[in-house]
Number of protein chains: 2
Amino acid sequence: MKQIQNVKNYLTEAGIKPSYQRIKIFEYLIENMNHPTVDMIYKDLVPYIPTLSKTTVYNTLKFFVDKGITQIINIEDNETRYDADTSTHGHFKCIKCGNIYDFSFDNKNLNIKQIENFEIKQIHLYIKGICENCKNKK
Amino acid sequence: MKQIQNVKNYLTEAGIKPSYQRIKIFEYLIENMNHPTVDMIYKDLVPYIPTLSKTTVYNTLKFFVDKGITQIINIEDNETRYDADTSTHGHFKCIKCGNIYDFSFDNKNLNIKQIENFEIKQIHLYIKGICENCKNKK
DNA sequence: TTTAAAATTGTAATAATTTCAAATATGAAA
DNA sequence: TTTCATATTTGAAATTATTACAATTTTAAA
Ligand SMILES: [Mn+2]
Ligand SMILES: [Mn+2]
Ligand SMILES: [Zn+2]
Ligand SMILES: [Zn+2]
C-alpha cells in the first residue's frame, strides 16, 4: 500500500476532521497492518488515551469506512477486522497460528461467468490454510 | 452443485446420523440455496417442527461444517450465512436488493506470489456491487 | 467571551452466539 | 420387551459484539 507521510493531512484530504482520537486510531491501523479487531485497537490504545471509549473506536472506524480510507475484513465470522489498505488485495488466514497475510492477485483472469453484467464495487478474496512457518514447524 | 437424491443417505455417508432435525435442516439448505442465516432457517422450520430449538440449528450447522457438507459464508459482518454447496465458488452480494448470487471462477491462474508455499484449504471470493436487475431498475 | 455544532463518552439496549444441564430419543444388550 | 448407556435435542442463562442514545466535552467561528 502507498506510504502515508502525514496522517493529519491524509485524514483532512479524505474529508475527516483530524481529532486526537481519529489520528491515534488511524496511526494504529497503519502501524499495525495485522488487521486488528475493535477490541485489539481499544486495548492497545487505552493506556495512552485513558479517556478513550470503545464506542469512539466503533464510531471512528465506521466513519473511516464510510469515507473510504479503511476496509472491513470478514475472513472469520465472530471477528470484524479493519484494514487501512483499501486497495484490492487478498487475505490469507493461517488456521494454525491465526496470522493474516496480505497478498496481491490478478482479478483480470478470474474469468467470472455468471455476473458479467453486474456492477462490481468491491472484491474480497479470502484464503484459509497453513502458512509456511507453521508448515515447517512439524 | 451436484444433485443430492437422498438426504438421509447423504448424511449417513458423511458420517452424520440422520435425525429428523438434521434431515429437515439439510433439506432446507438444499432447497433454499439463497445462503440463509440461522434465524431464517429457524423461523422457516419452526412452524413445521414446533419443538425445534435455535440451539439445535446452531449445533447442527456447526456439525455440518465440521463434517464438510456445509460451508460458512461471511460476505457481510453481522450475518453468518450457510451454504450446502461446499465446492469452491464465488458469491456476489447486491448492495441494493441484498440478494446473494453464486458464480464460478478460475482459481488456477490467480498468480499469487506472496503465499506460494502456503497450504491452501479454502478459497472464498466475495464481490459486492449492483446486480443486473437493480441496475436496470433506474 | 459566547455560542452552536461536532466529537467523545458511558450506559443501556439489542442481537448473535455459546454454555450447560436437564429432558428426550435411540438402539443395542439382556 | 425391558433395561441401560449413549446421542441428540431443548430451553434458559451467560457471554460477546455491536448499536442507540443522551449527557458531557471539545472545537472553532462569531
Ligand atoms: Mn490487508
Ligand atoms: Mn453459494
Ligand atoms: Zn501459521
Ligand atoms: Zn440487486
Side-chain angles (χ1 to χ4, degrees), chain A residues 7-12 14-29 35-67 69-83 98, chain B residues 7-8 11-12 14-29 35-67 69-83 98:
Chain A
V7 169
K8 202 175 274 196
N9 291 348
Y10 186 79
L11 294 178
T12 305
I16 298 167
K17 202 180 293 184
S19 74
Y20 182 70
Q21 287 85 341
R22 287 170 178 175
I23 292 169
K24 288 300 172 192
I25 292 172
F26 197 75
E27 277 177 355
Y28 183 90
L29 285 180
H35 314 90
T37 62
V38 164
D39 213 57
M40 291 161 72
I41 298 169
Y42 175 76
K43 286 218 173 79
D44 286 350
L45 286 182
V46 77
Y48 303 101
I49 316 170
T51 63
L52 184 66
S53 162
K54 198 176 270 191
T55 301
T56 299
V57 180
Y58 276 106
N59 289 343
T60 302
L61 289 169
K62 184 172 303 205
F63 196 44
F64 287 172
V65 172
D66 286 348
K67 293 297 184 178
I69 61 164
T70 297
Q71 68 167 322
I72 291 174
I73 305 299
N74 283 323
I75 196 167
E76 207 76 72
D77 53 333
N78 76 356
E79 52 177 35
T80 304
R81 292 171 170 272
Y82 295 87
D83 192 344
Chain B
V7 169
K8 202 176 274 198
L11 294 179
T12 304
I16 298 167
K17 201 180 291 184
S19 73
Y20 183 71
Q21 287 85 341
R22 288 170 179 175
I23 293 169
K24 288 300 172 194
I25 291 170
F26 196 75
E27 277 176 356
Y28 183 90
L29 285 180
H35 314 90
T37 62
V38 164
D39 213 57
M40 290 161 73
I41 299 169
Y42 175 75
K43 286 217 172 81
D44 287 351
L45 286 183
V46 76
Y48 304 101
I49 316 169
T51 62
L52 184 65
S53 161
K54 199 176 269 190
T55 302
T56 298
V57 181
Y58 276 107
N59 289 342
T60 302
L61 290 169
K62 186 172 303 209
F63 197 44
F64 288 172
V65 171
D66 286 348
K67 294 296 184 179
I69 61 165
T70 299
Q71 68 167 321
I72 292 175
I73 304 299
N74 283 320
I75 196 166
E76 207 76 72
D77 52 336
N78 76 352
E79 51 178 34
T80 303
R81 292 171 170 274
Y82 295 87
D83 191 345

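In this text the structure is predicted, and so the values were computed from the model without any measurement. Letters A, B, ... are given to chains in the order of the sequence lines, protein chains preceding strands, and every chain is numbered from 1.
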Does C/dT17 have its OP1 or OP2 closer than 4.0 Å to a side-chain nitrogen or oxygen of B/Lys62? no
Checking B/Glu79 now: which residues fulfil side-chain contact (heavy atoms from CB on, under 4.5 Å) with it, not counting sequence neighbours? B/Thr37, B/Glu76, B/Arg81, B/Lys93
Do any of residues 35-49 of chain A sit with a heavy atom less than 4.0 Å from DNA chain C, and if so which? none
Take B/Tyr82 and B/Phe64 through the test ring-ring contact (aromatic ring centres under 6.0 Å, His included) and record every step on the way to the result. CA-CA 10 Å; B/Tyr82 295 87; B/Phe64 288 172; 9.4 Å; no
Among residues at least two apart in sequence or on other chains, which ones pass side chain to side chain donor-acceptor pair (under 3.5 Å) with A/Asn9? none
Could you give the start and end, 5' to 3', of the contact zone on DNA chain D for chain A, using atoms under 4.0 Å from its heavy atoms? D/dA17 to D/dC21
Shortest non-hydrogen pair, A/Asp83 vs A/Ile73, comes out as CB-CG1, 3.8 Å
Whether B/Thr80 contacts C/dT17 is assessed here as follows: a side-chain N or O lying under 4.0 Å from the phosphate OP1 or OP2. Is that the case? yes
Test side-chain contact (heavy atoms from CB on, under 4.5 Å) applied to A/Ser53 - qualifying residues, sequence neighbours left out: A/Thr55, A/Thr56
With rounding to the nearest 0.5 Å, note down the distance linking CD1 in B/Ile72 to NZ in B/Lys62. 8.0 Å
Whole-Å gap separating P (C/dA16) and OH (B/Tyr82): 12 Å
State, to 0.1 Å, how close A/Phe26 and A/Tyr10 come at their nearest heavy-atom pair, and which atoms those are. CZ-CE2, 3.4 Å
Let me know, please, whether B/Asn78 or A/Thr55 comes out on the 5' side of the other along DNA chain C by nearest nucleotide. A/Thr55
For the pair B/Arg22 (side chain) and B/Lys17 (backbone), establish whether a donor and an acceptor sit closer than 3.5 Å, ignoring hydrogens and angles. yes
Produce the list of close N/O pairs, under 3.5 Å, pairing protein atoms with atoms of nucleotides 4-8 of chain C; give distances to one decimal.
from  : atom 1 : to      : atom 2 : distance (Å)
C/dA7 : OP1    : A/Arg22 : NH1    : 3.1
C/dT8 : OP1    : A/Ser19 : OG     : 2.4
C/dT8 : OP1    : A/Gln21 : OE1    : 3.2
C/dT8 : O3'    : A/Gln21 : NE2    : 2.9

